[in-house]
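This report concerns only the one structure given below.
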Amino acid sequence: MKTIELLIISIALAMDAFSVSICKGLNMTYKFRRNSLIISLSFSIFQMLMPLIGYFLGSKLNHYFITFNHMIAFVILSIIGINMIKESYSKDDIKTGLSINELISLSIATSIDAMAIGLTFSFFKINLLTTILLIGIITFILCFIGVNLGKYLGKNHEKKAQILGGIILIILGLKNLIEHF
């Protein structure tokens, strides 16, 4: 595979994480700089680990994984999206931060496709370390931009932004599910 092809794959894999990063930035109200780095780092680490796991799992499990990956992503993204919408109607004015469980769930949900791509890497001549690092770097940059973009867009419209973020997560999950069928 050529470098340009790997760059395109890296950008494509990072798009779900970028979208979710925008959603997280929309309703982030405290420790913004720290949390934007944590979100970007978490998404990039999972985007690097999942293709690595996929690469080593090999093609034997490919059929089973492809059968369920879209459903798993749909469920995780929908649950988190529904929770975001419910929180927007909460009477409490709780500062929206970063839950480790939510962060890990989102990181997994947005990187499941990367595992499927990792399964295909064994069929191509690639430098696995370079490929994994490229995926991680691109994901980190796009997620960092996404969180900051979300913060900028959501600054004056926090409640509406939280509802919109929840809807976007549900739509992303639904999009993954529909693409499967």
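Numbering starts at 1 and runs along the sequence shown. If you're wondering where the values come from, they're calculated on a predicted model, not measured in any experiment.
- Taken to the nearest 0.5 Å, the CD1 atom of I126 stands 11.5 Å off from the OG1 atom of T3.
- Distance alone, capped at 3.5 Å, places no donor-acceptor pair between the T139 side chain and the G136 backbone.
- Of the inter-residue distances, the one linking S19 atom OG with I171 atom CD1 reads 11.0 Å to the nearest 0.5 angstrom.
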| task | Starting from the C-alpha separation in whole Å, work towards a yes-or-no answer on side chain to side chain contact (heavy atoms under 4.5 Å, CB included) for I45 and F140. | result | CA-CA 9 Å; I45 288 171; F140 182 87; over 6 Å; no

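- To the nearest 0.5 Å, atoms CD1 (I38) and CG (L103) are separated by 8.0 Å.
- Connection of I138 to L128 is established within a shared hydrophobic cluster, with ILVMFWY side chains joined at heavy-atom distances below 4.5 Å, either directly or through further cluster members.
- Each of F144 and I11 belongs to its own hydrophobic cluster when Ile, Leu, Val, Met, Phe, Trp and Tyr are linked at side-chain heavy-atom distances under 4.5 angstrom.
- F32 and L37 end up in different hydrophobic clusters when Ile, Leu, Val, Met, Phe, Trp and Tyr side chains are linked at under 4.5 Å.
- We find the CG-CG distance between L134 and L129 to be 11.0 Å, quoted to the nearest 0.5 Å.
- Taken to the nearest 0.5 Å, the CG atom of D16 stands 10.0 Å off from the CZ atom of F43.
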Could you tabulate the donor-acceptor pairs under 3.5 Å formed by side-chain atoms of residues 47-54, not counting sequence neighbours?
unit_1	atom_1	unit_2	atom_2	d
Q47	NE2	L13	O	3.0
Q47	NE2	T110	O	3.0

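- In this structure, S99 contributes its side chain and E102 its backbone to a donor-acceptor pair below 3.5 Å.
- When the side chains of ILVMFWY residues are joined at heavy-atom separations under 4.5 Å, either directly or via intervening members, I132 and I9 end up in a single hydrophobic cluster.
- Atom CG of N148 sits about 10.0 Å away from atom OG of S21, to the nearest 0.5 Å.
- Checking N35, L142, I39 one by one against V147, the side chain to side chain contact (heavy atoms under 4.5 Å, CB included) holds for a single residue, I39.
- Hydrophobic clustering (ILVMFWY, side-chain heavy atoms < 4.5 Å, transitive): L106 and L41 are in distinct clusters.
- For the residue pair A17 and C143, the shortest heavy atom distance occurs at CB-SG, 3.5 Å.
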